[in-house]
Number of protein chains: 2
Amino acid sequence: MIKIFIVDDHQIVCQGLEALLRDISEIEVVGCASDIPNLMSQIKGHYIHICVINVYETNEEEIEKIKQLKREVPNMNLLILSMSRSKDFILKTLKAGAKGYLTKDADRSELIEAIYTIRGGYDYYAKPITNIILKNYLRETDAEHQLQDQKEKSLSTREVEVLKLFGQSLTNKQIADKLFISVRTVESHKTNVMKKLNLKTTVDLVKFAIKNNIIEI
Amino acid sequence: MIKIFIVDDHQIVCQGLEALLRDISEIEVVGCASDIPNLMSQIKGHYIHICVINVYETNEEEIEKIKQLKREVPNMNLLILSMSRSKDFILKTLKAGAKGYLTKDADRSELIEAIYTIRGGYDYYAKPITNIILKNYLRETDAEHQLQDQKEKSLSTREVEVLKLFGQSLTNKQIADKLFISVRTVESHKTNVMKKLNLKTTVDLVKFAIKNNIIEI
DNA sequence: TAACTGTTTGCGTGAAACACGGAAATTCAT
DNA sequence: ATGAATTTCCGTGTTTCACGCAAACAGTTA
């Protein structure tokens with residue numbers, strides 16, 4: 001019996017995924033959680049083979065949560081389900097410890113195949129993903145030449161933190177007080193973010209943050 | 001027999017929702033689509049009672065798609081499924097023609113309840129939503145008293161013009177040059193807009209402009 | 001262990017943007 | 001033609017931004 005746990009923000013989707021696996025005698029869906037923190041509190045004491053995680057946000061925060069989950073429950077295999085085809089994001093989830101990755105085009109049979117594959121000790125990546133991974137691998141080994149312009153700059157946790165408060169319309173002073181740092185540091189974080197993302201104005205920064213769900217609109 | 005169509009970006013989620021409704025004899029899931037444009041091309045000639053739409057993005061674009069769908073297929077009822085609890089967004093979907101709205105906390109039974117309710121000719125809103133709608137209604141009807149401070153201060157054409165350029169990430173200098181006015185005038189327009197709308201920061205201004213389609217994201 | 005990379009923290013300086021208040025010229029409807 | 005709103009602009013002081021620099025620290029790799 002393969003014990004599965006499901007993580008999805010929408011309860012209906014959780015139940016739906018569960019329903020998809022219900023009539024497979026070898027698979028048992030042990031439970032559902034709305035997010036990774038909830039998951040961790042729910043699975044204490046239980047042994048789970050595979051956790052299917054539907055990842056909606058594709059930001060650094062989510063990656064961080066996956067890493068943390070892997071640290072806390074290292075023997076549980078993670079199967080990521082996400083709409084993102086960003087090479088960057090996919091590779092990050094794999095690096096964070098995921099054993100498989102399904103895109104939005106995957107269907108029930110692919111989900112089941114992934115579960116069996118992972119249970120068998122192998123990694124499973126949806127077909128469109130293998131290409132991406134392969135290409136990236138080729139490029140990375142080839143990349144010693146052109147490292148400088150592709151450098152996939154991701155934001156640090158502190159930077160995201162500052163960006164979040166900034167998006168809540170706080171002034172630099174207010175952000176500084178909240179994080180117990182100086183105004184200059186807040187400025188530094190902001191300008192570093194702008195440099196990393198190659199943004200020129202505050203407006204661009206706000207747009208970026210909105211697009212990436214760092215701030216609410 | 002209630003004929004249902006499902007719209008969700010993730011194929012697995014589509015299948016999951018379908019599985020949730022499979023063993024209800026009165027409900028038939030006719031098909032699935034990954035988005036609204038796909039839906040429209042798929043349902044030509046079919047009569048669908050209810051379309052369950054899982055909305056991931058909560059922007060103006062999605063609202064526009066819903067409106068368009070309602071125009072093209074006016075007799076099909078729309079049940080929105082979304083994680084957003086933004087009063088603004090919910091009211092927009094309802095205004096766009098949706099007959100129901102479920103939040104991420106809704107489960108299978110609530111989905112089924114919603115389907116039956118809508119089939120009966122009524123609207124269905126998840127419990128957390130009714131509060132939001134009610135509050136907003138009260139505020140709107142109550143607003144006749146306090147019209148003077150709510151005063152629908154509309155923006156002048158020049159102000160919108162400045163705002164648009166501002167939203168294209170131009171500096172005040174660039175805006176000034178483009179409109180053949182001084183930088184100070186640009187500043188004035190901006191601050192006047194902020195005063196009119198009671199906004200405090202640039203971030204708020206950008207958010208406002210995005211919400212109101214003055215600038216593109 | 002040493003070297004390297006990246007994060008977090010901060011400063012100096014000058015330019016740009018913003019807050020607040022005032023004000024003249026123009027348009028536009030009553 | 002008088003009043004209201006719009007469009008234009010300035011003075012003054014504060015805040016934020018751009019650009020560069022750098023120390024302290026953590027994690028990784030050689």
Side-chain angles (χ1 to χ4, degrees), chain A residues 59-61 63-64 67-68 70-71 88 92 95-97 140-141 143-144 147-148 150-209, chain B residues 148 151-209:
Chain A
N59 51 35
E60 202 56 40
E61 231 181 310
I63 298 289
E64 202 39 59
K67 275 185 192 163
Q68 200 191 331
K70 198 64 198 172
R71 270 199 301 274
D88 200 38
K92 273 181 187 167
K95 256 186 137 177
E140 275 206 348
T141 54
E144 276 110 55
L147 254 184
Q148 64 277 23
Q150 268 292 350
K151 237 202 201 162
E152 284 311 325
K153 311 194 174 171
S154 64
L155 301 185
S156 70
T157 50
R158 199 58 157 178
E159 285 166 346
V160 172
E161 209 170 352
V162 169
L163 204 49
K164 241 179 205 164
L165 295 172
F166 166 69
Q168 286 161 26
S169 305
L170 303 189
T171 64
N172 287 352
K173 178 82 175 65
Q174 290 173 316
I175 296 172
D177 289 347
K178 205 153 211 167
L179 299 179
F180 303 107
I181 54 181
S182 92
V183 173
R184 312 305 304 274
T185 308
V186 176
E187 285 174 6
S188 288
H189 284 309
K190 271 207 237 178
T191 43
N192 286 336
V193 169
M194 310 258 275
K195 265 185 201 157
K196 277 186 181 178
L197 303 170
N198 200 28
L199 306 176
K200 275 179 277 295
T201 67
T202 311
V203 175
D204 289 327
L205 189 58
V206 176
K207 285 182 184 176
F208 166 83
Chain B
Q148 62 278 16
K151 230 200 208 165
E152 280 310 316
K153 306 197 176 169
S154 65
L155 302 185
S156 70
T157 51
R158 200 59 159 173
E159 283 166 346
V160 173
E161 209 169 352
V162 169
L163 205 49
K164 244 177 203 162
L165 295 173
F166 166 69
Q168 285 161 28
S169 306
L170 303 190
T171 64
N172 286 352
K173 177 83 175 67
Q174 289 172 314
I175 297 171
D177 289 347
K178 203 151 214 168
L179 299 178
F180 303 106
I181 54 181
S182 91
V183 173
R184 311 306 302 275
T185 310
V186 176
E187 285 175 5
S188 288
H189 285 309
K190 270 207 236 177
T191 42
N192 286 335
V193 170
M194 309 259 274
K195 266 182 199 157
K196 277 186 181 177
L197 303 170
N198 199 31
L199 305 177
K200 276 180 277 296
T201 68
T202 312
V203 174
D204 290 326
L205 189 58
V206 176
K207 286 182 184 176
F208 167 84

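Side chains are part of it too, since the values below use all heavy atoms of this structure and drop only hydrogens, waters and symmetry mates. First the proteins, then the strands, lettered A, B, ... as listed; each starts at 1.
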Review point. For Asp204(A) and dC17(D), what is the distance between atoms CG and P respectively, to the nearest whole Å?
Key: 13 Å
Exercise for review: Take the protein atom CD1 of Ile175(A) and the nucleotide atom C1' of dT8(C), then report the distance between them rounded to whole Å.
Suggested key: 16 Å
Review point. Could you give the CG-to-C1' distance, from Leu179(B) to dT7(D), as a whole number of Å?
Key: 12 Å
Review point. Less than 4.0 Å between a side-chain N and a carboxylate O, is that true for Arg184(B) and Glu187(B)?
Key: yes
**Study point:** Atom pair distance, as rounded to whole Å: CD in Glu161(A) and P in dT7(C)
**Key:** 14 Å
Check your understanding: When you check every protein heavy atom under 4.0 Å of nucleotides 10-25 of chain C, what one-letter string (B, S, -) results, 5' to 3'?
Key -> BBBB---SBS------
Practice item. Indicate yes or no: does Lys164(A) engage Glu161(A) in a salt bridge with an N to O separation below 4.0 Å. Key: no
**Study point:** Rounded distance in Å - CG (Asn192(B)) to P (dT6(D))
**Key:** 9 Å
Review point. Side chains of Ser182(A) and Thr185(A): is there a donor and an acceptor less than 3.5 Å apart?
Key: yes
**Study point:** Short side-chain N/O contact from His189(A) to OP1 or OP2 of dT8(C), under 4.0 Å
**Key:** no
Check your understanding: What is the distance, rounded to the nearest whole Å, between atom NZ of Lys178(B) and atom P of dT8(D)?
Key -> 16 Å
Revision key, fill the gap. Shortest non-hydrogen pair, Met194(B) vs Thr202(B), comes out as CE-N, 4.3 Å
Exercise for review: Verify, without hydrogens or angle tests, whether Lys207(A) (side chain) and Gly167(B) (backbone) share a donor-acceptor contact under 3.5 angstrom.
Suggested key: yes
Review point. In Å, rounded to the nearest 0.5 Å, how long is the span from CD of Gln168(B) to CG of Leu163(B)?
Key: 10.5 Å
